[in-house]
Structure formats: structure tokens, C-alpha cells
Amino acid sequence: MTSTDFPNFKTHFIELLQQASNAITSLEATVVDIELTRTKQASHGDYSCNLAMQLAKPLHKSPREIAQLLINALPPSPYLEKVEVAGAGFINLFIKNSAKQQFLHYILHSKNTFGNSTLGQGKRIQVEFVSANPTGPLHVGHGRGAAIGASLSNILTAAGFDVSREFYVNDAGRQMDILTLSTWLRYLELNHIHIPFPQNAYQGEYVKIMAQQIFQAHAQRYVHQPELLLDSLPEAVLATEMNPDEQLDKLIANTKEILGQDYAYIHNFVLTEQLGDCRNDLMEFGVEFDTWFSEQSLFDNGLVAHAIELLAKKQHLYQQDGATWFRSTNFGDEKDRVVQRENGQFTYFASDIAYHLNKFGRGFDQVINIWGADHHGYIPRVKGALQALDLDAEKLQIALVQFAVLYRNGKKAPMSTRSGEFVTLRELRQEVGKDAARFFYVMRKSDQHLDFDMDLAKSQSNENPVYYVQYAHARVCSVLVQWNDNVDNLQDVNTDALSSPAELALLQKLIDFPDTLEMAAKEFSPHLIAFYLRELASEFHSYYNSTRFLVPEIPLQHARLALIASIRQTLSNGLLLLDVSAPDKM
RNA sequence: GUGCCCGUAGCUCAAUCGGAUAGAGCACCAGCCUUCUAAGCUGGGGGUUACAGGUUCGAUUCCUGUCGGGCACGCCA
């Protein structure tokens, strides 16, 4: 056994069981997948299989009897110590200690590629995430999508996928117009022209700052004729029966009229400003994208019109009340959806259809959208549109991320975008640090609500799981520094001395890492990595307190150092997947 | 009202798509630094998995109903 061709025990044993299964039964279709799970108790061995129970019914024999037949038919393996029947008919497999011990050589040779697999077989997979409206700073709600998307992308890359990270920029919609209007109104204020600022416009300080920038660079250049702004609106804009949204739309229309060509300048200025800010913010959060895809480009290139034409050609559209509807009920949606409004404008849904059509045209084998859980009702219509276009909707998978609720001083922190009352992602990073923020965001299953306790994230104590994992890494580093030799010299040392229950459990834990990573990739579940790291750190801390490493007996010393060096490597690899730093000292 | 998600220790959450005695952390109690980092470790109490049925060798997991919570139900994005 050389370090480079070390098998994945789990898949190896599954193959053996498959062969045994084939030997005792000809019923091929009875069991599709053989499942092997880690045991909870050491007395049950290392892996357990329930195949015999599943075969009991089709074979009309008792599970224990079948289990024994399977064991008898099991091909020999150099890694197996013993196999036994237990309980109702479980087949428990025990790995040889020597195989576990030699696994360390594999880890120490693999270094930062330990854990990687070829699961993805180089398939191209796109992960689209964050995709926040560029109308203001990212807040803590966006942070979770960012952390999960980035970590998942890392995990998929490690699992052998060719990952492309994409941010869909909603630069074409009404929200951008509202931001443009908001900025212009603030700009007018700087020119001593005061027009009541609508409640539902963007209130945040950053709007005033952008207005300031325009004012400093161009003085009165963009004032034009603001007295026309309130045309056709009731004199007191704020005190009126008119629907606030209609009001806003009217103001936007008037602004476009008044500014003419210059509207585009302000629109473009605020977009560039916000997008740049967003990009920086995310970069400092350890999140980067391969592609920033513009919604506006879909209109500019005629792709939206094209997508709608395609749907029309395939008879999936109809006219009603002056609007154009997509018959999404044919594809399981609860009602049909408008794609083109009475006023001729395409809806957001229309550009989204074009966007997904474009995505599919780019040749990805799989497309993942990470969406906020509030978008769950949106899924059927998008998948429906793909089906209507004769595309394989199965290729698109939506991962819903539940909201994160922020707790500060034991109280819920308010979060409202439009009013400007929210904790920004930047503030969160400054307060708790990037590492803690990234780790906390992925600590929970993504489809579960997350209570983000800022006080806990900030605490530099045993309460904080981030420090707990990082501390384990730093402790190993400290020992290895005092050992004062090249860690590479441990790569092939004899590891037979690692035979205590704690050591064997740690070895098995390390063996689990590649499986955990594969599982995280298959299930789109970065939280599995966070949990794994905590468990590994926990076992290490316990081991650290009970065992001395720098003992005088050199073979024992080297074996133990090889173990903790492997633990360090695994912690480091795992933390890297989450973009959390692995410090040498703390 | 309709649809989707959820309900597990006092709190925050796990449980490897139905497996063996449901596990961690926090909080609480009692211990461990002359020795490689005490941001650590060891031990202890804590549960009818919201409730009631059903499916089967076996259910926190699947089905039905009830109660409770979240989200979504625009010619917004």
C-alpha cells in the first residue's frame, strides 16, 4: 500500500458487499444502493450495513441468516479485521488497526489536497448566489447566502467539480430607478432645493454620500428644472391619498423627463458605486465571483424578447387584460404569470426566464441557485418556464437559505432595507471579525432558521466554536514548533504505536473527513464541515489533555506527532473550505 | 383562507435521505495548570423527539389529523 493509492474504505467495503450480495442472490433489482454508515458505538465496529434487513423480505429469510450468508460470501480484504452479525441483522465491519495507522501517511503526503475527491468528475457546475439588488450596502441577511454560497463552491471544487461562481446583478429594475431618484433628491437638497423626501425611497446615509460625491464633482450640473418634478402630483407629496408606489413611479417618470440624457449618468453612477462597494465588501468577506452577470444586458442583447418569442412559438403564452401571460399552471404552478405588462414592459420574471435560458445555453452540467427562503413560491414558475422551453429542469437545483436573525445584547436587531435601519454585513464583520462571521453563518443547516448571536461570536472564550477549532490548530502548531524539526520527516514514520482507544478513534475521525466532504457536496450542506471540525477539535483537545507528545521514546513520539500533524492538516483543509483562517498562534 | 418549511434537554442546534441505548455546545453543579497554549480537559444532573393515530422487523425521520411558529401568495424585484 503506497500513500498515493490509498482506498476510500467506505467505497471499498461497499464494493465487497456488492460482490457478496451478487453471490448469494440473483435478484438484481431488489436493492439499488448498498448503504454503509458509521457506527455510533465502538463495540459495533467502524462501519455498519443494513443490507441483510433490506433483503429479508424479497429473499424470504431472516435478516440474521442473510447477514451470515453475506459475510461468508464476502471477498477477503487486507483492511478488514473482522466482520460480524449483530442485533436484528446488522453487518458490522471492523477495520484493522494497521490500516488506520497507515492512513496518516496518506494524509501527510496529500497535504492540502487531503479530503479532495473525484466525485464531480470535472463536471461544470454553476453556483449563483447573493445576487442582491445593488441599491445599498449588503446587510446581515445577505451575509448568510454569501457564506453558504462561497463555502459550498469551495466544497464542490474540492469534490472535483468545475465550479463557476456567479452574481446576477439586478441593474434593470424599478429598484434601481428608486435609488437614482433618491440620490437625485438628496443632490437637490445639497443645492438648497428641498422637495419632500418620500417615505418609501431609500433613506440610508449612503444615498446622501453619493449625492455629495456628485455635488463635489459636478456642482449644479444636474439640477435642471426640479420645479417640474411635482407636476401632476398633489402639492403635498407626503400627505395624499395617492398610493405611495404610484407616487414614486410618477416621480421617477418625471425625473427621467427632466434629466433626459443626464438620467443615465446618475443611474450609472449610483449603480457603479453600489456594485463596487458590494464587490469590496464581499471580497473582504472572502467571497469572490467569476462572473457578474448584468440583467440589463439581457434587454440590450434582445434576449428577453427572444425568450418570450420562444415561449410564444411553443404556444405557452396568451393575452388577457392587455397583458401577456405564461401558462405556468401547465407546469404545476398555482396560477399563471405575467411576462409582459399592459404597458409593454417585461416583468422581472421575463428577464429571469431569459437569464436561465442563457445559463443553460452556457453548457453547465448543473446549475445551482442559492435563494432566500422567501423565494420558495417562485421556484415552480422558473422550473415551469424551463420545461416549457424543453430544457431539463432537473439540471437546475434551488438551495433555499433561511433568514438569519441577529441577536445583540440578547435582543433581536431590527432589519429593514428601505428605511435604512439594518446592520450591514460590513458592520458585522467589523464587530465580530470575518472568521467568526463566516463560521457562524454555516454552522446551521441552511434550510433552518439561524439565530446569529453577536455577543457569542465576539466572545473570546470557550463559548465560541470558531476559536475552539482554531485553538486546536494553534496548539498543534505550538507542539510542532517545539519539536523543532521538519514536519515532512513525519510522512513515513512508523505509526504502529497509536493503539489507545482515543488514538484509534482519532484515526477513524480523520478517515471520515473525505466522506464528510463528499456528503457536504452531495447534499449542498456546508454545515457538515463546521460540525465535523468541531468534533475533530473536541477529540483532539481531549487527547491533548491526556497525552504527552514530546516523549523521550522516539518511535512513540514520532507516531504521535504524525497523528497531530495529520489533525492539523485536516483542520486546516476544513477551515479553508469555509474561508476561515487557521492561525499558528492564538 | 391556500401552498411550502418547521416544532428534538431550560436555551441554540445535531442525528450520515427508515437503523442499534436520540447526541453536542451554552447555562447549572463538582474537580484538573511546577509538565507540549486553561480560548483547554474530566465527571454529574437533565427527553413520552409538540400532540393523537397509522404504515413495519424498526419512526425524530414516511402518511393522516390537531395545535403552535416562520415564509409566500402583485401587471414588485
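Residue numbers begin at 1 in each chain, while the letters A, B, ... track the order of the sequences.
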Q: For A:Glu535, report the nucleic acid contact type (base, sugar-phosphate, nothing); a contact means any heavy atom under 4.0 Å.
A: nothing

Protein-nucleotides 57-61 of chain B N/O pairs closer than 3.5 Å?
none

Q | Pairwise P distance, B:rG40 and B:rG25 [rounded to whole Å] | A | 11 Å

Q) P atom, B:rG70 versus B:rU60: distance in rounded Å? A) 27 Å

(Q) Apply the syn/anti split at 90° from 0 to B:rC29 and say which one it is. (A) anti

Q.
Mind checking if A:Tyr544 touches a base, just sugar-phosphate, or nothing, with heavy atoms under 4.0 Å?
A. base

Q: Would you kindly check whether a donor in the side chain of A:His541 faces an acceptor in the base of B:rC41, or vice versa, at under 3.5 angstrom?
A: no

Q.
What is the separation between atom CD on A:Glu35 and atom C1' on B:rA20, rounded to the nearest whole Å?
A. 16 Å

Q. Checking A:Arg534 against A:Tyr468: charged group under 6.0 Å from the ring centre and within 45 degrees of the axis?
A. no

Q | RNA chain B: 5'-proximal contact among A:His375 and A:Val551 (nearest heavy atom) | A | A:Val551

Q.
So, OP1 or OP2 of B:rC13: does either fall under 4.0 Å of a side-chain N or O from A:Arg534?
A. no

Q | Which residue lies more 5' along RNA chain B, comparing A:Thr39 with A:Tyr348 via nearest heavy atoms | A | A:Thr39

(Q) Does B:rC71 have its OP1 or OP2 closer than 4.0 Å to a side-chain nitrogen or oxygen of A:Tyr378? (A) no

Q: Determine the interatomic distance between P on B:rU55 and the same-named atom on B:rC13; round to the nearest Å.
A: 34 Å

**Q.** C1' gap between B:rG53 and B:rU12, integer Å
**A.** 32 Å

Q: Remember a base hit wins even if backbone is also touched, and classify A:Ala86 as base, sugar-phosphate or nothing at under 4.0 Å, heavy atoms.
A: base

Q.
Taking donor-acceptor contacts at under 3.5 Å, does the side chain of A:Ser48 reach the base of B:rA20?
A. yes

Q. When the C1' atoms of B:rU35 and B:rA30 are considered, how many whole Å apart are they?
A. 25 Å

Q. Any Lys/Arg nitrogen of A:Glu128 or A:Lys359 sitting under 4.0 Å from an Asp/Glu carboxylate oxygen of the other?
A. yes

Q. Just to confirm, is there a sub-4.0 Å distance from OP1 or OP2 of B:rA77 to any side-chain nitrogen or oxygen of A:Thr347?
A. no

Q. How far, in whole Å, is B:rG45 from B:rG23 if one measures between their P atoms?
A. 13 Å

Q) Is it true that the side chains of A:Tyr318 and A:Asp336 contain a donor and an acceptor less than 3.5 Å apart? A) yes

Q) Using atom P of each nucleotide, how far apart are B:rC71 and B:rC63 to the nearest Å? A) 24 Å

Q: Just compare B:rU12, B:rA77, B:rA14 and give me whichever is closest to any side-chain atom of A:His527.
A: B:rA14

Q. Can you check the A:Asn545 CG to B:rG31 C1' distance for me, whole Å?
A. 13 Å

Q. Would you call A:Asp249-A:Arg174 a salt bridge at under 4.0 Å N-O?
A. yes

Q. With both distances under 3.5 Å as the test, what is the Watson-Crick or G-U wobble partner of B:rC33?
A. none

Q.
Nearest to the A:Ser542 side chain among B:rA77, B:rA14, B:rU42, which nucleotide is it?
A. B:rU42

Q.
So is the aromatic ring of A:Phe549 stacked onto the base of B:rC36, judging by whether the centres are under 5.5 Å apart and the planes are under 30° apart?
A. yes

Q. Is there a stack between A:His44 and B:rA20, judged by ring centres under 5.5 Å and planes under 30°?
A. yes

Q. What does B:rG7 pair with, Watson-Crick or G-U, if both distances are under 3.5 Å?
A. B:rC67

Q: Using a heavy-atom cut-off of under 4.0 Å over every strand shown, decide if A:Glu342 touches base, sugar-phosphate, or nothing.
A: base

(Q) Rounding to an integer number of angstrom, what distance separates B:rA22 and B:rU37 when you compare their C1' atoms? (A) 35 Å

Q) Centres of the A:Phe167 and A:Phe129 rings: under 6.0 Å? A) no

Q | Paired nucleotide for B:rU55 [Watson-Crick or G-U wobble; both distances under 3.5 Å] | A | none

**Q.** From B:rC41, B:rC36, B:rA77, nucleotide with atom closest to A:Tyr468 side chain
**A.** B:rC41

(Q) Rounded to whole Å, how long is the line connecting atom CD1 of A:Ile564 with atom C1' of B:rC36? (A) 8 Å

Q: Measure the distance from CG on A:Leu528 to C1' on B:rC17 and round it to the nearest whole Å.
A: 12 Å

Q.
Classify A:Asp336 by what it touches in the nucleic acid, base, sugar-phosphate, or nothing, heavy-atom distance under 4.0 Å.
A. nothing

Q) Which nucleotide sits closest to the side chain of A:Asp374: B:rA72, B:rA77, B:rU37? A) B:rA72

Q) Does B:rU12 pair with anything, Watson-Crick or G-U wobble, both distances under 3.5 Å, and if so, with which nucleotide? A) B:rA24

Q) Of the nucleotides B:rC36, B:rA15, B:rG40, which one has an atom closest to the side chain of A:Lys445? A) B:rA15

Q) Base, sugar-phosphate alone, or nothing: which one does A:Asp177 contact when heavy atoms must sit under 4.0 Å apart? A) nothing

Q. Once you round it to whole Å, what is the distance between P of B:rG70 and CG of A:Asp447?
A. 18 Å

Q | Options B:rC75, B:rC5, B:rA20, nucleotide nearest the side-chain atoms of A:Arg341 | A | B:rC75

Q: For the pair A:Ser151 (side chain) and A:Ile148 (backbone), establish whether a donor and an acceptor sit closer than 3.5 Å, ignoring hydrogens and angles.
A: no

Q | Aromatic plane relationship, A:Tyr378 with A:His375 - under 30° parallel, 30 to 60° tilted, over 60° perpendicular | A | perpendicular

Q) To the nearest Å, how far apart are A:Ile91 CD1 and B:rG19 P? A) 16 Å

Q) Okay, side chain of A:Asn489, backbone of A:Asp485: is any donor-acceptor separation there less than 3.5 Å? A) no

Q: Classify the nucleic acid contact of A:Phe90 as base, sugar-phosphate or nothing, counting any heavy atom under 4.0 Å across all strands shown.
A: base

Q. Now, which nucleotide makes the Watson-Crick or G-U wobble pair with B:rA72, with each of the two distances under 3.5 Å?
A. B:rU2

Q: Quick one: label A:Asp321 by what it contacts on the DNA or RNA (base, sugar-phosphate, nothing), any heavy atom closer than 4.0 Å.
A: base

Q.
Any carboxylate oxygen within less than 4.0 angstrom of a Lys/Arg side-chain nitrogen, looking at A:Arg560 and A:Glu503?
A. yes

Q. Between A:Tyr168 and A:Tyr355, is the gap from one ring center to the other below 6.0 Å?
A. yes

Q: Looking at every strand, decide which applies to A:Ala323 at a 4.0 Å heavy-atom threshold: base, sugar-phosphate, or nothing.
A: base

Q.
Which nucleotide wins on minimum distance to the side chain of A:Gln41, given the candidates B:rC71, B:rA20, B:rA39?
A. B:rA20

Q) Are any side-chain N or O atoms of A:Arg381 and backbone N or O atoms of A:Phe349, one a donor and one an acceptor, separated by less than 3.5 Å? A) no

Q | Atom-to-atom span, CZ of A:Phe513 to C1' of B:rU16 - whole angstrom | A | 16 Å

Q: Can you figure out which of B:rA38, B:rA14, B:rC76 approaches the side chain of A:Tyr471 most closely?
A: B:rA38

Q) Atom CZ of A:Arg38 to atom P of B:rC17: distance rounded to whole Å? A) 14 Å

Q | Residues A:Asp177, A:Lys256: salt bridge by 4.0 Å N-O rule | A | yes

